[in-house]
*Asks:* 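Encoded as structure tokens, here's the structure I'll be asking about.
Count residues from 1 along the sequence. Order of appearance sets the numbers: ligands from 1, and atoms from 1 within every ligand.
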Amino acid sequence: MRASAYPLIDVDEAAALVLERTPVLGVEEVHVGRAAGRVLAEDIVAANPLPPFPSSAVDGYAVRAADAGKTLTVAGESAAGRPFEGALGAGAAARILTGGVVPEGADCVVMVEDVRVSGEHVTVPAPLTAGANFHRIGADLAPGDVILRAGMVLGPAEIGIAAASGRARLPVRRRPRVALMSTGDELVEVGTRPGKGQIPDSNRWALLAALGDAGADVALLGIAPDEAGALRGFVTEALGGADVLVTSGGVSVGTHDLVKPLLESIGTVHVGRVKLKPGKPFTFATLDGGKVAFGLPGFPVSSLVTFEVFVRPALRKMQGFAQLQRALLPVRLGYDAKATADRTEYQRVTLSRDGRELVAQTTGSQSSSRLMSLAGAHALVRVPAGEKGLEAGTIVEAMILSLP
Ligand code: AMP
Ligand code: MG
């Protein structure tokens with residue numbers, strides 16, 4: 001073992017360094033049918049009024065309010081997409097269907113339930129209110145209204161309003177292209193039988209899921225051996241089309257830990273050790289062409305916790321999200337959380353509801369090799385470095401992974 005040359009830095013400092021050095025990606029246009037989950041890059045302004053014509057809210061009769069209480073002649077029909085031609089005179093009514101254009105001359109719609117029909121005549125009640133039962137031009141959107149703002153995530157309603165205002169394509173931030181690889185001579189492809197001393201590569205699949213969930217387009221690169229030349233070959237190939245390199249393993253100070261020296265030789269390492277448990281050897285580097293590289297530790301829990309603490313916020317920044325961090329919610333500790341003297345610890349917890357409160361229970365042994373401590377966890381509880389720890393009953397802010 002050799003001593004590490006990298007200073008041990010605080011987790012918040014490391015997270016800030018990562019975000020500072022992570023670029024926001026460029027803009028592309030996508031069809032509304034492919035826009036779900038993307039982040040809007042520019043404000044969208046309504047070009048036309050919505051509705052674009054006075055539109056009936058009900059099935060009934062379009063009339064003049066001044067004709068209240070009278071028996072009127074039915075002059076025609078205005079169905080959705082098939083307007084009544086011409087203007088409506090006094091003493092006349094037009095049958096109208098929901099979404100039909102209210103004819104010129106009419107100023108209200110009477111619901112079909114409220115009229116009496118006899119042949120070509122209809123008797124309407126009194127009094128009638130001008131403006132009743134239809135949506136005025138521009139009632140929902142006026143031209144020039146900002147309907148969606150840059151930084152908004154496009155969900156069903158946002159996509160719906162964009163399409164309603166006639167926008168087929170939307171400017172969104174590009175998704176980060178991430179090259180993902182594992183490192184380690186002990187790793188075999190999942191599904192093949194491990195020989196003596198070998199284990200399945202699980203990080204690649206866990207991180208593939210995490211990256212997909214964070215909005216990345218992933219190129220899967222396989223398992224690089226613990227050999228400097230081969231590793232360099234993998235990384236060089238990976239960087240061709242990628243914005244981001246994510247590796248797991250090979251970042252601690254053992255002799256087989258080759259990722260840091262490699263990143264140093266092709267870029268600048270800004271973070272090499274963090275006062276974080278799990279995840280002390282987390283590594284972050286910038287490379288030529290505005291690319292960034294994350295060297296995640298090999299222990300499965302460490303790789304996923306450092307993903308949440310550092311990589312996800314960076315991917316969100318690249319995509320233009322206004323909110324980079326996961327939601328923090330106050331929870332009550334249901335256990336005594338022991339602290340680590342010199343490192344901030346992210347403990348994995350399940351949450352349950354107790355009245356108005358969320359109560360956090362530990363998932364058991366917090367060993368960084370024990371993926372079961374993260375499986376099924378709802379949140380990460382941050383326990384500050386020190387001697388004291390946090391007693392059961394303490395209210396803390398938890399980083400929510402999923403709510404129960
Ligand atoms: P390293 O960071 O390479 O020293 O690895 C630390 C520990 O994590 C070792 O026990 C490795 O076998 C394990 N490990 C590294 N990479 C993976 C992986 N892709 N899948 C599962 N375990 C891994
Ligand atoms: Mg290794």
Side-chain angles (χ1 to χ4, degrees), residues 1-6 8 11 14 178-214 216 218-235 237-238 244-264 269 271-285 293-311 340 343 345-346 348 365-375 377:
M1 305 279 261
R2 58 191 150 80
S4 174
Y6 300 96
L8 246 178
V11 58
V178 178
L180 173 63
M181 57 194 258
S182 299
T183 72
D185 285 339
E186 76 282 28
L187 302 176
V188 294
E189 230 5 289
V190 66
T192 62
R193 185 200 282 269
K196 193 168 178 202
Q198 296 184 318
I199 54 169
D201 171 10
S202 61
N203 288 351
R204 193 153 36 104
W205 308 109
L207 290 168
L208 175 66
L211 286 162
D213 181 59
V218 183
L220 268 181
L221 278 125
I223 304 165
D226 288 324
E227 193 276 304
L231 185 65
R232 178 178 290 270
F234 258 76
V235 167
E237 187 200 322
V244 180
L245 172 69
V246 173
T247 64
S248 77
V251 283
S252 48
V253 289
T255 46
H256 292 294
D257 296 317
L258 304 167
V259 172
K260 282 189 176 91
L262 173 64
L263 293 177
E264 255 176 26
V269 174
V271 179
R273 286 194 310 160
V274 185
K275 291 181 199 165
L276 169 64
K277 183 178 176 182
K280 183 174 171 186
F282 168 79
T283 300
F284 170 73
F294 296 91
L296 306 186
F299 281 117
V301 181
S302 311
S303 69
L304 288 178
V305 168
T306 51
F307 180 90
E308 291 302 334
V309 174
F310 302 113
V311 184
T340 300
R343 288 191 278 163
E345 189 171 345
Y346 282 82
R348 285 76 73 195
S365 162
Q366 299 287 301
S367 161
S368 58
S369 63
R370 188 174 164 265
L371 206 42
M372 288 304 286
S373 71
L374 194 51

*Asks:* Mind jotting down which residue pairs meet the side-chain hydrogen bond (donor to acceptor under 3.5 Å, both in side chains) criterion with at least one end in residues 193-206? Sequence neighbours excluded, please.
*Replies:* Ser182-Asp201, Glu189-Arg204, Asp201-Arg204, Asn203-Ser248
*Asks:* Which residues pass the side-chain hydrogen bond (donor to acceptor under 3.5 Å, both in side chains) test with Glu227, sequence neighbours left out?
*Replies:* none
*Asks:* Could you give the N/O to N/O pairs under 3.5 Å linking ligand 1 and the protein, each with its distance?
*Replies:*
from     : atom 1 : to     : atom 2 : distance (Å)
ligand 1 : 2 (O)  : Gly298 : N      : 3.0
ligand 1 : 3 (O)  : Gly250 : N      : 2.9
ligand 1 : 8 (O)  : Gly298 : O      : 3.3
ligand 1 : 8 (O)  : Phe299 : N      : 3.2
ligand 1 : 12 (O) : Glu186 : OE2    : 2.6
ligand 1 : 14 (N) : Gly298 : O      : 3.3
ligand 1 : 19 (N) : Asp201 : OD1    : 2.8
ligand 1 : 19 (N) : Asn203 : ND2    : 3.4
ligand 1 : 20 (N) : Ser202 : N      : 3.1
ligand 1 : 20 (N) : Asn203 : N      : 3.3

*Asks:* What orientation do Phe294 and Phe282 show, parallel under 30°, tilted 30 to 60°, or perpendicular over 60°?
*Replies:* tilted
*Asks:* Roughly how far apart are Ser365 OG and Met372 CE, rounded to 0.5 Å?
*Replies:* 11.5 Å
*Asks:* To the nearest 0.5 Å, what is the distance between CG on Asp257 and OG1 on Thr183?
*Replies:* 7.5 Å
*Asks:* Going by the rule side-chain hydrogen bond (donor to acceptor under 3.5 Å, both in side chains), which residues pair with Asp213 if we only count those two or more places apart in sequence or in a different chain?
*Replies:* Arg312
